[in-house]
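Note that these values count all heavy atoms, side chains included, but never hydrogens, waters or copies made by symmetry. Lettering follows sequence order; numbering is per chain, from 1.
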Number of protein chains: 2
Amino acid sequence: MNECCTVNMTVRYLTKKWTLLIILELFKGDNYSRRFSELKESLPGITAKILSERLQELEAENIISKKIDASVVPIRSDYTLTEGGVELIGVIRDIKYWALKWKIDNIPCGSQECKICRL
Amino acid sequence: MNECCTVNMTVRYLTKKWTLLIILELFKGDNYSRRFSELKESLPGITAKILSERLQELEAENIISKKIDASVVPIRSDYTLTEGGVELIGVIRDIKYWALKWKIDNIPCGSQECKICRL
DNA sequence: TAATACTATGAACGAGTGCTGCACGGTAAA
DNA sequence: TTTACCGTGCAGCACTCGTTCATAGTATTA
């Protein structure tokens, strides 16, 4: 439907609800890592289904990696930013800087609802 | 519906069909400038309506500026990348580099259909 | 014995958005 | 009268996104 292009596809993923926030949560975690339940807690309002979906997408995109510890019960799932994922933070920062520099009527960030601009 | 955030909003605009291509066309033009009809010609398949819409959006975002020469008939409309728009090219490049570096199964760019990767 | 914690997946539904197609508007030169 | 030029408005289709509810498996805890 849209143009075939890695740029476009990449950007497209980032627009999905929660995706940026999930990446940022992982970035803040020890070793850029978080558990499923931790993510869910730190993202009030997200449903397990959507979180699961986004994590799968990010894994498919090689932005995060997943490690399941099935020896423990209940199961632990750890999600970690890949090297590429960590570098993506830099790209997101660049976008943010551009936006802050050139957007006159930007949405007031730093508000409680927006965690992205705390980068 | 989505998170309020300039980053998110910015990225969101870039995902729309034709937007990236329009920006690139302007970037290639003399003085980063193009006329409506020139844009339409160089983007086969785009309709006047969509081109018009995208240009309006980009203008509202301060990425391009518009100049109408009503003294001539038929009317001439010139669209030019703003300073911010030109800087945005750098951001798009960064996204592209990231994508090329980290995406294993990226869509084959350089194909005829994709003009974005010629950046 | 039953409930709870944890990590999911699937189906159905509703809302929204993006894009297309078509019609229509104006003016001046050819 | 047609063409070049630059749009706008409306109708409608298709797709996507997100929510909600149902389900599932296991081991510890009450």
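Atom CD1 of B/Ile50 and atom P of D/dC13 are 17 Å apart (whole Å). Atom CD1 of B/Ile68 and atom P of C/dG26 are 17 Å apart (whole Å). Remark: C1' of D/dA4 and CD of B/Glu38 are 14 Å apart, rounded to the nearest angstrom. In this entry the distance linking CH2 of B/Trp18 with C1' of C/dT17 reads 18 Å, nearest Å. If you measure from atom OH of B/Tyr13 to atom C1' of C/dT17, you get 13 Å, rounded to the nearest angstrom. Atom-to-atom, CG of A/Leu51 to P of D/dC17 comes out at 16 Å; the value is rounded to the nearest Å. Rounded to whole angstrom, the span from the CG atom of A/Asp69 across to the P atom of C/dC6 amounts to 14 Å. A straight line from CZ of B/Arg76 to P of C/dA28 spans 18 Å, rounded to a whole angstrom.
The side chain of A/Lys16 approaches D/dC17 more closely than any other nucleotide in the set D/dT19, D/dC17, C/dA8. Side-chain atoms of B/Lys17 lie closest to C/dT20 of the nucleotides D/dA4, C/dT20, C/dA8. Here the nucleotide nearest the side chain of B/Gln56, chosen from D/dC5, D/dT8, C/dA8, is D/dT8. In the set D/dC6, C/dC19, D/dC17, D/dC6 carries the atom at the smallest distance from any side-chain atom of B/Ile75. Of the candidates C/dT7, D/dT19, D/dG7, the closest approach to any side-chain atom of B/Lys66 belongs to D/dG7. Distances from the side chain of A/Tyr79 to the nucleotides C/dA8, C/dC19, D/dT19 place C/dA8 closest.
The phosphate of C/dT7 (OP1 or OP2) has a side-chain N or O of A/Arg35 nearer than 4.0 angstrom. Taking side-chain N and O atoms only, B/Ser37 has no distance below 4.0 Å to OP1 or OP2 of D/dA4. Taking side-chain N and O atoms only, B/Thr47 has no distance below 4.0 Å to OP1 or OP2 of C/dC19. Within the 4.0 Å cut-off from OP1 or OP2 of C/dC6, not a single side-chain nitrogen or oxygen of A/Ser77 is found.
By the 4.5 Å heavy-atom criterion applied to side chains, A/Glu25 and A/Leu43 are counted as neighbours. Using a 4.5 Å cut-off on side-chain heavy atoms (C-beta onward), A/Leu39 and A/Ile46 make no contact.
A donor and an acceptor atom sit less than 3.5 Å apart, one in the side chain of A/Lys49 and one in the base of C/dG10.
Residue pairs meeting the side chain to side chain donor-acceptor pair (under 3.5 Å) criterion with at least one partner in residues 74-83 of chain A, sequence neighbours excluded, are A/Ser33-A/Thr80.
Between the side chains of A/Glu87 and B/Trp102, at least one donor N or O sits under 3.5 Å from an acceptor N or O.
Within 4.0 Å (heavy atoms only), A/Lys40 reaches no atom of the nucleic acid at all.
Where A/Ile46 and B/Ser52 each meet DNA chain D at their nearest nucleotide, the meeting point lying more 5' is that of B/Ser52.
Taking atom C1' on both nucleotides, D/dC5 is separated from C/dC24 by 15 Å, rounded to a whole Å.
Shown here for B/Val11 and A/Ile95, the closest heavy-atom pair between the two residues is CG2-CD1, 3.8 Å.
Between the side chain of B/Ser42 and the backbone N or O of B/Glu38, at least one donor-acceptor pair lies under 3.5 Å.
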